[in-house]
Amino acid sequence: MLTVSCLNLEWLRLKNSLLPAPLCIHGPSLHLMIVIVHECYGVEKFEVSSIGLTTFEYIGKVKNFSFLDVPRLEKVNIRFMGVYVRGTQ
């Protein structure tokens, strides 16, 4: 589990990283407004809970998303990336 405990953190960007299978970002006092996760590996479940979150962007593979207590969430961009078998598109 990845725990974000920096209360003054306003944006978080993770790119090309090996992350834990359940990736959970939550906390009642988080000031996190923007979360961007691009092409990270190992994530099977992604859970976000931050009352200040306004923007969420995810590019990669994941089986399950959970958005909990995100009343200000306005912009969501999710692109699922898959592995192509040679000779197919």
Side-chain angles (χ1 to χ4, degrees):
M1 176 185 291
L2 176 69
T3 303
V4 177
S5 59
C6 181
L7 300 179
N8 292 324
L9 186 67
E10 293 184 357
W11 64 271
L12 175 67
R13 181 177 182 185
L14 302 168
K15 185 173 181 179
N16 295 326
S17 302
L18 178 60
L19 300 174
L23 178 58
C24 302
I25 299 173
H26 53 81
S29 300
L30 284 180
H31 292 103
L32 196 60
M33 295 185 296
I34 299 170
V35 173
I36 300 171
V37 180
H38 284 189
E39 300 174 6
C40 291
Y41 307 95
V43 180
E44 292 183 16
K45 180 180 179 182
F46 197 108
E47 183 177 299
V48 180
S49 177
S50 177
I51 60 170
L53 188 69
T54 60
T55 303
F56 177 82
E57 183 173 311
Y58 185 90
I59 299 173
K61 295 180 187 179
V62 72
K63 294 180 181 178
N64 187 331
F65 281 98
S66 294
F67 294 96
L68 310 169
D69 198 19
V70 287
R72 296 183 181 132
L73 187 60
E74 298 172 355
K75 182 178 178 185
V76 176
N77 183 14
I78 298 174
R79 286 189 274 168
F80 294 105
M81 306 297 282
V83 176
Y84 290 109
V85 177
R86 181 179 262 180
T88 66
Q89 292 188 17

**Message:** Keeping S49 on the side-chain end and H26 on the backbone end, is there a donor-acceptor pair under 3.5 Å?
**Reply:** no
**Request:** Check the pair H38 / R13 against side chain to side chain contact (heavy atoms under 4.5 Å, CB included), numbers first and verdict last.
**Result:** CA-CA 8 Å; H38 284 189; R13 181 177 182 185; 4.1 Å; yes
**Asked** Taking atom NZ of K61 and atom CD of E39, what is their separation to the nearest 0.5 Å?
**Response** 11.0 Å
**T55 OG1 to R72 CZ distance, which is reported to the nearest 0.5 Å** = 13.0 Å
**Request:** For L32 and S50, work out which heavy atoms get closest and say how close.
**Result:** O-OG, 3.1 Å
**Request:** Could you check if a side-chain atom of P22 sits within less than 4.5 angstrom of a side-chain atom of E47, using non-hydrogen atoms only?
**Result:** no
**Prompt:** Under 4.5 Å between side-chain heavy atoms, hopping through other hydrophobics if needed: is there a path connecting F80 to F46?
**Reply:** yes
**Asked** Parallel under 30°, tilted from 30 to 60°, perpendicular over 60°: which one fits the rings of F65 and Y58?
**Response** perpendicular
**Asked** Quick one: hydrophobic cluster around I34, which other residues, with the 4.5 Å side-chain cut-off, linked directly or via members?
**Response** W11, M33, I36
**Fill in**
One should read off an interatomic distance between L14 CG and C40 SG, to the nearest 0.5 angstrom, of 5.5 Å
**Prompt:** Should I51 and L9 be regarded as members of a common hydrophobic cluster, given that ILVMFWY residues are connected when their side-chain heavy atoms come within less than 4.5 Å of each other, either directly or indirectly?
**Reply:** no
